[in-house]
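Encoded as structure tokens, the structure appears first; notes follow it.
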Amino acid sequence: MPDGDSRITSLVQGLYQPEGGPRVDFRQPVGEPALAAPDSVSWRVFKNPVSLFVGGVTAVILELAEPRVRSGVWEHSSFRTAPLPRLKRTGLAAMVTVYGARSTAETMIAGVRRMHDRVAGDTPAGAAYRANDVALLDWVQATASFGFLEAYHAFARPLSDADRDRFYAEAAPAAALYGAIGAPASVAEWEAQLAAMLPKLERHEIVFEFLDLMRRTAILPAPLRGLQGSLIRAAVAITPPAVRAVVGLGREWDLGPVEGRFVRLAGAAADRLPVKGTPAVEACLRMGLPADYLYR
């Protein structure tokens, strides 16, 4: 019988490693830096699986509100037919981008860009899109940074204004590799980008289809599955109010005070629990740091 630590390790690793997909060794090559440094805000934020789930849902809500991004995601990915493997692949890509050795991250990102080169089409309204369009890449990068940062700040550990700006700035090297050369480098730049994008966003039933998929798909390990609905409402709670109004996420999506407390307790607990075998812990060991370096 596996001990408690082994069960926790299996549960958390299952969130990132797609079945039958590539297995990334975050301990290799020994000593090779990642795109972000171990003392970065990014390494602190991305270690937390609770806030990553919340922030990832927020990011997708924002992405699907943009018609060209929505068409690209919904028509050229397996989100609708196989949401769980798709989410795990996305999660693994985020882990490699932040914690993977630089050579591993650069190779993976180059593969993503080649794949995106084949993604193009027209929205139902006739607007042309390409997945590697810089403006769309900038929006996707901006929404991801916003979602992960705000979820961590709200439900794991509050961050200072300086750290929030650092988080956006730290994403620049990886964002440039993806082709997002105009992604925001501060909170102020994110707010300006959101204001510029807001007139282009629109309500669409695909947003609600996505949220229903998130609710029905068994994403979290069985012991945490009862929290899944609350995490989805937490994601809506940190979505900018102006965007909620545009896409029609009304009060029925509000996070109640009691379940909000549970989400914060879960986020705070995850922030203090180094789990053997997870990308954050393995990356610390690769760099010669203690396994609990990010959890002190």
Side-chain angles (χ1 to χ4, degrees), residues 35 55-80 83 86-87 89-94 96-98 105-106 108-150 167-211 213-214 235 239-240 242-244 246-247 249:
L35 293 170
V57 173
T58 302
V60 176
I61 291 170
L62 290 162
E63 290 167 17
L64 294 179
E66 207 288 334
R68 293 167 298 170
V69 176
R70 181 174 63 245
S71 291
V73 169
W74 221 242
E75 294 174 12
H76 296 274
S77 79
S78 57
F79 235 129
R80 285 176 293 180
R86 173 66 167 76
L87 288 167
R89 288 195 298 273
T90 302
L92 179 60
V96 173
T97 300
V98 175
E106 289 174 344
M108 181 206 70
I109 293 169
V112 171
R113 293 202 67 178
R114 287 193 297 272
M115 180 182 65
H116 284 172
D117 278 336
R118 303 192 293 270
V119 175
D122 297 292
T123 69
Y129 65 83
R130 293 181 301 106
N132 277 337
D133 182 292
V134 173
L136 301 187
L137 291 169
D138 288 347
W139 178 240
V140 170
Q141 175 64 38
T143 61
S145 291
F146 171 82
F148 294 134
L149 176 65
E150 291 305 310
F167 181 81
Y168 280 103
E170 287 166 0
L177 289 174
Y178 278 109
I181 56 176
S186 66
V187 173
E189 289 187 14
W190 152 253
E191 291 173 347
Q193 189 163 9
L194 175 62
M197 185 63 78
L198 198 58
K200 303 174 185 177
L201 305 184
E202 63 182 27
R203 177 177 178 138
H204 199 283
E205 288 306 307
I206 283 176
V207 172
F208 299 95
E209 186 179 345
F210 161 71
L211 291 172
L213 273 174
M214 292 299 95
T239 301
V243 178
R244 280 190 66 171
V246 168
V247 299
L249 291 169

* Using the side-chain contact (heavy atoms from CB on, under 4.5 Å) rule, take R203 and F208 through it: C-alpha gap first, then chi angles, then the decisive distance, then the call. => CA-CA 10 Å; R203 177 177 178 138; F208 299 95; 4.0 Å; yes
* Asked: In Å and rounded to the nearest 0.5 Å, what is the NE2 to OG1 distance from H204 to T123?
  -> 9.5 Å
* Asked: Does any non-hydrogen side-chain atom of T97 lie less than 4.5 Å from one of Y178?
  -> yes
* Asked: Cut-off 3.5 Å, side chains only: do E66 and Y129 have a donor facing an acceptor?
  -> no
* Roughly how far apart are E191 CD and E189 CD, rounded to 0.5 Å? -> 11.0 Å
* Knowing that exactly one of T143, V207, L136 qualifies, which makes a side chain to side chain contact (heavy atoms under 4.5 Å, CB included) with E63? -> T143
* Measure up the W190 and W139 rings against each other and bin them: parallel (under 30°), tilted (30 to 60°), perpendicular (over 60°). => parallel
* Close side-chain approach of V69 to L62, heavy-atom, < 4.5 Å -> no
* Apply side-chain contact (heavy atoms from CB on, under 4.5 Å) to the pair L194 and V243, showing each step before the final yes or no. => CA-CA 9 Å; L194 175 62; V243 178; 3.9 Å; yes
* Given side chains that start at C-beta, do those of I109 and L35 come closer than 4.5 Å, heavy atoms only? -> yes
* Checking side-chain contact (heavy atoms from CB on, under 4.5 Å) for the pair L87/M214: CA distance, chi angles, key distance, verdict? -> CA-CA 10 Å; L87 288 167; M214 292 299 95; 3.5 Å; yes
* **Whether D117 side chain and N132 backbone form a donor-acceptor pair below 3.5 Å** => no
* **Residue pair V57 / F210, side-chain heavy-atom distance below 4.5 Å** => yes
* I181, CD1: over 12 other non-hydrogen atoms inside 6.0 angstrom -> no
* Mind listing the closest non-hydrogen atom pair of K200 and A196 along with its distance? => CE-O, 4.3 Å
* Asked: Do T58 and F148 have side chains that get closer than 4.5 Å, going by heavy atoms?
  -> no
